[in-house]
Amino acid sequence: MYLHSGCQIAISPDTRYFAVDWLGVEVTRATLGIIGMGSIGYKVAQRARAFNMRILYHNRNRRRKEEEEAVGAHYCEKMEDLLQQSDFVMLVVNLTPETHKLIGKKELGLMKPTATLINISRGAVIDQDALVEALRNKVIRAAALDVTYPEPLPRDHPLLKLNNIIISPHIGTATVQAIHMMAEEAIANMLAVLNGQPIPSEVFPK
């Protein structure tokens, strides 16, 4: 939130001075709750450790002990425990019938009023109407979304009118290098199918 509004202050023709009491939230030593500790969630944990964050995670399957220890992650069997303790909650799950609107009014109500919700998975994992209400009423401090439903949101959507949210246009993998790697992986999968070989990145393994 502060990066976006800070940029506006820095470039505004009306700016005469920078306020000294304009303060953000510290990431270092804060608690990050990762919902969905697959390959992407685990990479997030690796990066968060560099900030000395306390890392909690909730996943269908618990990671091996050595994997947890490598990033200092602590398993929460109940998602509710993670929500109640985290300063930042990051959603890194696939969109399935089980994760559709995984975060709704009840879950938002369990979060700290100082917490930030981050979604890098799929828009429909969050009940957006409930999120609008939570942000308006300061149930949580803020949200940062790389995904919404639909994409883009209608121009009159209430999420676009809030000042405690950042929305980016689904650009989590939008680098030249990442797109090249994705294309190469897709080609490798197609060639494997054509040659009757095991599929390297099979979505639904047999």
Side-chain angles (χ1 to χ4, degrees), residues 1-9 22-27 30-41 43-45 48 53 55-61 75-174 203:
M1 309 323 116
Y2 282 84
L3 180 62
H4 180 267
S5 50
C7 177
Q8 299 307 308
I9 289 173
W22 200 61
L23 305 173
V25 175
E26 186 64 63
V27 172
T31 298
L32 170 64
I34 302 172
I35 299 177
M37 190 65 114
S39 59
I40 297 174
K43 288 183 183 298
V44 169
M53 298 188 83
I55 302 168
L56 307 177
Y57 79 97
H58 173 74
N59 202 46
R60 286 178 301 176
N61 302 307
Y75 179 64
C76 292
E77 184 175 356
K78 295 181 180 179
M79 187 174 70
E80 290 80 3
D81 293 337
L82 179 150
L83 294 171
Q84 290 173 329
Q85 298 179 60
S86 299
D87 299 303
F88 299 89
V89 174
M90 182 174 285
L91 303 172
V92 201
V93 296
N94 293 324
L95 178 59
T96 67
E98 291 73 32
T99 63
H100 183 260
K101 293 191 177 181
L102 179 70
I103 302 298
K105 183 174 183 177
K106 174 188 172 185
E107 290 73 25
L108 291 162
L110 290 172
M111 293 173 62
K112 295 180 181 181
T114 53
T116 297
L117 178 65
I118 304 164
N119 189 8
I120 62 169
S121 54
R122 289 293 182 269
V125 170
I126 297 176
D127 180 339
Q128 290 183 165
D129 292 337
L131 179 60
V132 169
E133 181 182 345
L135 291 171
R136 278 178 176 166
N137 297 325
K138 304 296 188 289
V139 173
I140 63 172
R141 178 179 171 274
L145 312 177
D146 188 42
V147 287
T148 59
Y149 68 95
E151 293 178 347
L153 288 171
R155 297 298 86 186
D156 61 349
H157 196 283
L159 277 178
L160 303 180
K161 297 174 173 59
L162 299 172
N163 62 7
N164 53 348
I165 187 169
I166 287 178
I167 303 174
S168 54
H170 205 147
I171 54 173
T173 58
V203 178

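Computed from a predicted structure; not experimentally measured.
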Ignoring hydrogens and angles, tell me if any N or O in the side chain of H58 forms a donor-acceptor pair with the backbone of G36 under 3.5 Å.
no

Using a 3.5 Å distance criterion without hydrogens, assess whether the side chain of Q84 forms a donor-acceptor pair with backbone atoms of D81.
no

For T31, does its backbone N or O pair with a side-chain atom of Q85 as donor and acceptor, under 3.5 Å?
no

Is there a side-chain contact between V139 and E133 (heavy atoms, below 4.5 Å)?
no

Given L131, which of N119, I103, L162, L117 fulfils the side chain to side chain contact (heavy atoms under 4.5 Å, CB included) condition?
L117

Do the side chain of D87 and the main chain of A115 share a donor and acceptor less than 3.5 angstrom apart?
no

So, using side-chain hydrogen bond (donor to acceptor under 3.5 Å, both in side chains) as the criterion, who are the partners of D127 when residues are at least two apart?
none

Passes side-chain contact (heavy atoms from CB on, under 4.5 Å), V25 versus R141? Steps please.
CA-CA 10 Å; V25 175; R141 178 179 171 274; 3.4 Å; yes

Say whether, by atom type as modelled, one donor and one acceptor occur between the side chain of T148 and the main chain of P150 under 3.5 angstrom.
yes

So, for E151 and D146, which heavy atoms are closest and what is the spacing to 0.1 Å?
OE2-O, 4.3 Å

Listed once per pair and sorted, the ring pair (Phe, Tyr, Trp, His ring centres under 6.0 Å) pairs that draw on residues 75-95, sequence neighbours left out
Y57-Y75

State whether the side chain of T99 and the backbone N or O of N94 hold a donor-acceptor pair below 3.5 Å, judged by distance alone.
yes

